[in-house]
Amino acid sequence: MNIQENISLKPFNTFGLDKKARFFTSVNSREQLIESLIWSRNRGLEVFILGGGSNILLTQNINSLVIKIEISGIEVVNEDDDHVWVKVGAGENWHSFVLYAISQGWAGIENLSLIPGTVGASPMQNIGAYGVEIKDVFHSLRALNRANLEQKEFTKEECKFGYRESVFKNELQGQYIITSVTYQLNKKPKFNIEYGTIQETLKESGNEELSIQAISDAVIKIRQSKLPDPKEIGNAGSFFKNPTISEEEWDALKETFTDIPGYDVPEGKKVPAAWLIEKSGWKGKRFGETGVHTKQPLVLVNYGESKGSDIKELAENIQSSVYDKFGIQLKAEVNFI
């Protein structure tokens, strides 16, 4: 176990914010994770778990032990004629795993190509894109209980998945550390190309034969055309969740904003947060080193030397503006630290 002191977290968060960890270590096994937790416990220190750093906004230094999860490994644990069950270490890069699955002919996560972050974070917020969510391919996960250091296996039902939600963001928040995730992928693809501009992009690319590789390529092309690369411009992808409102609220808004889009969900209508933000006048706005992306208003960016507090202030101003205009409260998808 290698414990470092006063380490900059700039390389470890996609916003590229230069905040420090009082103590820092990386672990590549459950045993090392337990050892690190005992080390921090013996010193009365809090623990902060870090994956890919793609869903956090650092507004302050972290006066605790930051543990970066780098548990790797991809293992087929079961299969039949239709499915393959794949256990993946929590520290594996999500997009790299997607590409590996495609190379093996395993279908189900191709629509989730190029999403930043690690495998361990994927079930925490039930990541999703282009008509697919983690819950659609999830089988189970293993997580370490921080209190008693025992491992527990969680089923899909126990994870209580919702829209960008799981039990780990609610009643079990901060109680478990995910060490591996097992996915149930398809040997016989069930293509999902109804969402967004996937069909249009496939036609433009000249892909006559539908395949999981072609869908992945289309999704990557779409994402790259809309979203900035964190290696070039600091960002955490979509900053806000798409809000859901009642049918009555949507009908009332429709009378004033005739072009407001809405998608049917069991709870009512889901309204694209990007549309609300753009209609509120924020798209492309820049305030010094902080701003709203020119192509995708859901993305807040660090142009170089922004502070986490500046990005937080911008996010809160956007939330107030959207609420004043539409009466809709946007919720952040990114976690403020």
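The shown structure was predicted, so the numbers you read here are calculated from the model rather than taken from an experiment.
- The aromatic rings of Y183 and F138 lie perpendicular to each other, with more than 60° between the two planes, well past the 30° mark.
- Considering all non-hydrogen atoms of both residues, T155 and E158 come closest at N-OE1, 2.9 Å.
- For the pair W106/I212, no side-chain contact is recorded, criterion being any heavy-atom separation below 4.5 Å from C-beta on.
- Counting non-hydrogen atoms of other residues, nucleotides and ligands closer than 6.0 Å to NZ of K283 gives a total above 12.
- Using a 4.0 Å cut-off between a side-chain N of Lys or Arg and a carboxylate O of Asp or Glu, E165 and K331 do not qualify as a salt bridge.
- Under the side chain to side chain contact (heavy atoms under 4.5 Å, CB included) criterion, D80 pairs with D82, H83, W85, sequence neighbours left out.
- Residue-environment remark: NZ (K295) stays at or below the threshold of 12 foreign heavy atoms within 6.0 Å.
- Side-chain contact between E46 and I62 is absent, with no heavy-atom pair separated by less than 4.5 Å.
- The cationic atom of K270 (NZ for Lys, CZ for Arg) lies less than 6.0 Å from the six-membered ring centre of Y163 and within 45° of the ring axis.
- Taking CD1 from I177 and CE from M124, the interatomic distance works out to 10.0 Å, rounded to the nearest 0.5 Å.
- Under the 4.0 Å criterion applied to side-chain N and carboxylate O atoms, E157 and K160 are not assigned as salt-bridge partners.
- Contact of the E305 side chain with the D18 side chain is not registered, since no non-hydrogen atoms from C-beta on lie closer than 4.5 Å.
- Residues I69 and T118 fail the side-chain proximity criterion, which asks for heavy atoms closer than 4.5 Å.
- Within the 4.5 Å cutoff, the side chain of F23 has heavy atoms near those of the E5 side chain.
- Not one N or O on the side chain of S122 forms a donor-acceptor pair closer than 3.5 Å with the backbone of I127.
- Counting non-hydrogen atoms of other residues, nucleotides and ligands closer than 6.0 Å to OH of Y323 gives a total of 12 or fewer.
- Applying the side chain to side chain donor-acceptor pair (under 3.5 Å) rule to T25 yields no partners; only residues at least two apart in sequence or on another chain are considered.
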